[in-house]
Engineer: 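Take this structure, written in structure tokens, and hold onto it; I'll ask about it next.
Note that ligands are numbered from 1 as they come in the structure, with each ligand's atoms numbered from 1 the same way. Since this is a predicted model, take the numbers as computed values, not measurements.
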Amino acid sequence: MRKPKLAVWKFASCDGCQLSLLDCEDELLALAGEVEIAYFLEASRATVKGPYDLSLVEGSVTTPHDAERIQKVRRASKKLITIGACATAGGIQALRNFADVNDFLSVVYATPEYVSTLETSTPISAHVAVDFELRGCPINKAQLLEVITAFLHGRKPGIPSTSVCTECKRRGTVCITVAHGTPCLGPVTHAGCGAICPAYNRGCYGCFGPMETPNTASLTKRLRVLGMDDRGVERVFRTFNVTDFEEVRSR
Ligand code: SF4
Ligand code: SF4
């Protein structure tokens with residue numbers, strides 16, 4: 001029987017989410033037994049032509065070439081899943097959306113006229129239809145395996161949409177906001193990381209983006225009580241998922 005063809009594509013990103021797939025180690029051989037890894041340049045130069053049964057897309061669209069290429073990837077893919085904050089929300093590079101990209105070009109590059117870039121960094125879903133978005137910066141490898149397995153078996157992925165606070169409760173972490181007054185984005189952030197930062201006495205940075213129905217207005221009031229000024233509040237929401245957090249905060 002023909003194995004389903006898996007492809008992994010990179011757009012504007014740091015490669016960290018693709019590395020999460022390679023980091024599966026114990027499970028990678030089993031996965032390779034179930035699918036034909038047909039296109040994955042991070043792992044091998046050998047490629048197999050499409051169409052592909054399942055495409056994983058990392059990264060955001062930041063150049064005219066990206067905007068054309070994602071259309072070709074979509075046409076070649078039966079199912080398309082975006083992985084990581086860059087692909088699902090535009091990533092930290094979407095900070096350009098709130099400034100003039102030419103200002104960045106002039107201070108970063110010696111010869112900016114050679115750089116071909118768009119004014120914005122946008123998620124893949126702004127360009128093509130996406131079958132599932134897996135959040136995180138980087139993504140959680142166990143969640144990635146669950147999503148791939150679910151798509152191979154034609155079922156819905158079992159990915160919770162609750163907040164990081166539920167993960168603190170599950171691992172028995174005392175709430176550092178209540179106990180020590182440490183600012184934390186956990187109450188409005190999508191679960192998935194396992195609440196790593198609070199377990200090490202650091203507030204959540206929102207790597208997994210907004211949870212379903214986040215109450216950012218209430219959390220902002222709390223952040224101010226904890227001593228954050230306007231600039232501090234703006235900075236804490238403007239990280240890896242800046243566009244998604246700004247969108248929910250403007251509602
Ligand atoms: S989401 Fe984070 S880890 Fe993944 S590619 Fe983007 S910057 Fe790297
Ligand atoms: S430490 Fe943060 S994520 Fe954990 S329960 Fe408290 S507010 Fe929620």
Engineer: Among all protein non-hydrogen atoms, which one is nearest to atom 1 (S) of ligand 1, and what is the separation to 0.1 Å?
Structural biologist: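 Of the protein heavy atoms, Ala85 N, 3.1 Å lies nearest.
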Engineer: Does Arg251 come within less than 4.0 Å of Glu247, counting only side-chain N to carboxylate O?
Structural biologist: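 Yes, Arg251 and Glu247 are salt-bridged.
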Engineer: Knowing that exactly one of Thr82, Ile159, Ile81 qualifies, which makes a side-chain contact (heavy atoms from CB on, under 4.5 Å) with Glu133?
Structural biologist: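 Of the listed residues Thr82, Ile159, Ile81, the side-chain contact (heavy atoms from CB on, under 4.5 Å) partner of Glu133 is Thr82.
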Engineer: Which protein non-hydrogen atom lies closest to atom 6 (Fe) of ligand 1, naming both residue and atom, and how far is it?
Structural biologist: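 In this structure, atom 6 (Fe) of ligand 1 has Cys86 SG, 2.3 Å as its nearest protein heavy atom.
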Engineer: Does ligand 2 have any atom sitting under 4.0 Å from a heavy atom of Lys169?
Structural biologist: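 Right, Lys169 reaches ligand 2.
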Engineer: I'd like to know whether ligand 1 has Gly136 as a neighbour, heavy-atom separation below 4.0 Å.
Structural biologist: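 Under 4.0 Å: yes for Gly136.
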Engineer: So, Cys184 and atom 2 (Fe) of ligand 2: N/O/S under 2.8 Å, yes or no?
Structural biologist: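 Given the 2.8 Å cut-off, Cys184 counts as a ligand of atom 2 (Fe) of ligand 2.
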Engineer: Would you mind listing which atoms of ligand 1 come within a distance below 4.0 Å of any non-hydrogen atom of Ser13?
Structural biologist: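 Contacts of ligand 1 toward Ser13, numbered from 1: 5 (S).
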Engineer: Could you check whether any heavy atom of Thr173 sits closer than 4.0 Å to an atom of ligand 2, since that is the contact criterion I want to use?
Structural biologist: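 Per 4.0 Å heavy-atom rule, Thr173 does not contact ligand 2.
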Engineer: Under 4.0 angstrom from ligand 2, any heavy atom of Pro187?
Structural biologist: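 Checking ligand 2 against Pro187, which is what was asked, there is a heavy-atom contact under 4.0 Å.
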Engineer: What protein heavy atom sits nearest atom 4 (Fe) of ligand 1, and how far off is it?
Structural biologist: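 Looking at atom 4 (Fe) of ligand 1, the protein heavy atom closest to it is Cys17 SG, 2.4 Å.
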Engineer: What atoms in ligand 1 come closer than 4.0 Å to a heavy atom of Pro138?
Structural biologist: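 Result: 3 (S).
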Engineer: Show the atoms of ligand 1 that are less than 4.0 angstrom away from any heavy atom in Glu58.
Structural biologist: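 That gives atoms 5 (S) of ligand 1.
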Engineer: With a 4.0 Å cut-off on N to O distance, would you call Asp103 and Arg96 a salt bridge?
Structural biologist: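 No.
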Engineer: Would you mind checking which non-hydrogen protein atom is closest to atom 2 (Fe) of ligand 1, with the distance to 0.1 Å?
Structural biologist: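 Answer for atom 2 (Fe) of ligand 1: Cys137 SG, 2.3 Å.
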Engineer: Using a strict 4.0 Å cut-off to heavy atoms of Gly84, name the atoms of ligand 1 that fall inside it.
Structural biologist: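 Within the 4.0 Å cut-off of Gly84, ligand 1 contributes 1 (S).
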Engineer: Under 2.8 Å from atom 4 (Fe) of ligand 2, is there an N/O/S atom belonging to Cys165?
Structural biologist: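 It does not; every qualifying atom lies at 2.8 Å or beyond.
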